[in-house]
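Numbers for residues simply follow the sequence, beginning at 1. None of the values given here were measured: they were computed from a predicted structure. Read the numbers this way: they start at 1 and go in the same order the structure lists the ligands and their atoms.
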Amino acid sequence: MESGPSGGSRPAEPGPRLRGLRGADAAASASSLSRFGAEAGCRAPAVAAVLPAGGSGERMGVPTPKQFCPILERPLISYTLQALERVSWIKDIIVAVTGENMETMKGIIQRYQHKRISLVEAGVTRHRSIFNGLKALAEDQPNCRLSKPEVVIIHDAVRPFVEEDVLLNVVTAAQEHGASGAIRPLVSTVISPSVDSCLDHSLERARYRASEMPQAFLFDVIYEAYQQCSDYDLEFGTECLHLALKYSHIKAKLVEGSPDLWKVTYKRDLYAAESIIKERISQQVCVVMDTKEDEEHVGRCLEEMLKTELNHIKVTSGQDLQQIIVEQCYNFVCMNVMTSDFEKTQRLLNMLEESNLSILYPVVVISVHFLDYESVPFGQKMEKVGKNVGKIVCSVD
Ligand SMILES: Nc1ccn([C@@H]2O[C@H](COP(=O)(O)OP(=O)(O)OP(=O)(O)O)[C@@H](O)[C@H]2O)c(=O)n1
Ligand SMILES: O=C(CO)[C@H](O)[C@H](O)COP(=O)(O)O
């Protein structure tokens, strides 16, 4: 087993430059975790996650395995890792990658500062990759450096939009029932063709569900199932819940998942994923203004106008920039009223740079300036701001 370059096997500490961001996530996570006690009447278990990421993405039809395909310039798998690592109660994340892609994966972990990741060698099928991930957590394996969790989440590396609430739901249900998985209503009816490609029979759609990910299991339940299962299962099986039923006699509890849990499979799914990401990061706009009378007045007017125009987007005003950055807002309108330079915008850009927010998503800053341009030439002021722009998009009206 290899450890990710930036994390080693179990650093729970956030990275130095993202401390604020991850700190806020951690606080939110901790309060969610307390639901274990309140809702399920049980204590919080030790949880780890296994991510199979060793496929070749044949159905995508591109040379790069889909988990490494870029979406807004960042590899797909990095979004999935981000979704899992922002859940502070997941202690270890084991990613199964092929030997051929090991260096690529290490590079991704380093570049996007992923934490708590350990890498294992993938197998030739998804089930074999998962089994290798589970072995990395099992106490009976030589050189096992991670501790065995009570509950293990299994989640495909190519399902980037997994939210904390569904993770919590499957983990809580697994703790109670031994196994649990997210399901969705079927979109199309499932039919069985006969050998001569005629309809043999069809299933009543309302009685069936699509099995999605994440799934969660008591570690011993799923590890024993994988240890007992046949080569045929490992070669051709597609359902972990089935292994838990067949070999550990555990009937999984099924929980409703969100529509965004679907698996990126075809090329068009990359475009769909990009749209979802863009939609998510454009959900909030922050108008940055001072409490100074003029500025606050203009800022409030703008805020009201934006709220009317963009009625599906949350518009907030912010004096406490650090807090707003911590809450992961990616869009800023920065007011500069009657000031002779872009001091406010400059300060915002410095804070954004310091927070490293833009390594995960593009950040947009619109600087609005109301003043008399005669005292200092406009170009000169812009030059100063431009130095800090980098990946941050800044436009001035
Ligand atoms: N030998 C394999 C095959 C698949 N997977 C992983 O299992 C998940 C779900 O599988 P699937 O969507 O079928 O991925 P691919 O096998 O890569 O896709 P395709 O079937 O189109 O080739 C993916 O994260 C994939 O990387 C894996 O870890 N090891
Ligand atoms: O669908 C699933 C659960 O039941 C799994 O998520 C998995 O994606 C199936 O993999 P494959 O497409 O390789 O069969």
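Under the 4.0 angstrom criterion for non-hydrogen atoms, R59 is in contact with ligand 2.
Between D269 and K66 there is no salt bridge, since no side-chain N of the basic residue sits under 4.0 Å from a carboxylate O of the acidic one.
A heavy-atom cutoff of 4.0 Å around ligand 1 is satisfied by the protein residues P52, A53, G54, G55, S56, G57, E58, R59, K66, Q67, G123, V124, T125, R126, S129, D156, A157, V158, K263.
No hydrogens or angles considered: a donor-acceptor pair under 3.5 Å links the side chains of H114 and E85. The closest side-chain donor-acceptor pair between Q82 and Q113, if any, does not fall under 3.5 angstrom.
Relative to the ring axis of Y330, R280 does not place its NZ or CZ within 45° and under 6.0 Å from the centre.
Not counting sequence neighbours, T238 has no partner by the side chain to side chain donor-acceptor pair (under 3.5 Å) test. Applying the side chain to side chain donor-acceptor pair (under 3.5 Å) test to S248 and every residue at least two apart in sequence or in another chain returns nothing.
The nearest heavy-atom contact from the protein to atom 12 (O) of ligand 2 is K263 NZ, 2.4 Å. From the protein, the heavy atom lying nearest to atom 14 (O) of ligand 2 is T238 CG2, 3.0 Å.
For ligand 2, the atoms lying closer than 4.0 Å to a non-hydrogen atom of E239 are 3 (C), 4 (O). Listed by number with element, the atoms of ligand 2 under 4.0 Å from a non-hydrogen atom of D156 are 5 (C), 6 (O), 7 (C), 8 (O). Every atom of ligand 2 is numbered from 1 in the order shown, and the set under 4.0 Å from a heavy atom of R159 is 1 (O), 2 (C), 5 (C), 6 (O), 8 (O).
L203 and Y208 get closest at one heavy-atom pair: CB-CE1, 3.6 Å.
Pairs engaging residues 194-204 under the side-chain hydrogen bond (donor to acceptor under 3.5 Å, both in side chains) rule: S194-D196 [sequence neighbours left out].
In this pair, F161 and W262 present their aromatic rings parallel. The plane angle is below 30°, not in the 30 to 60° band.
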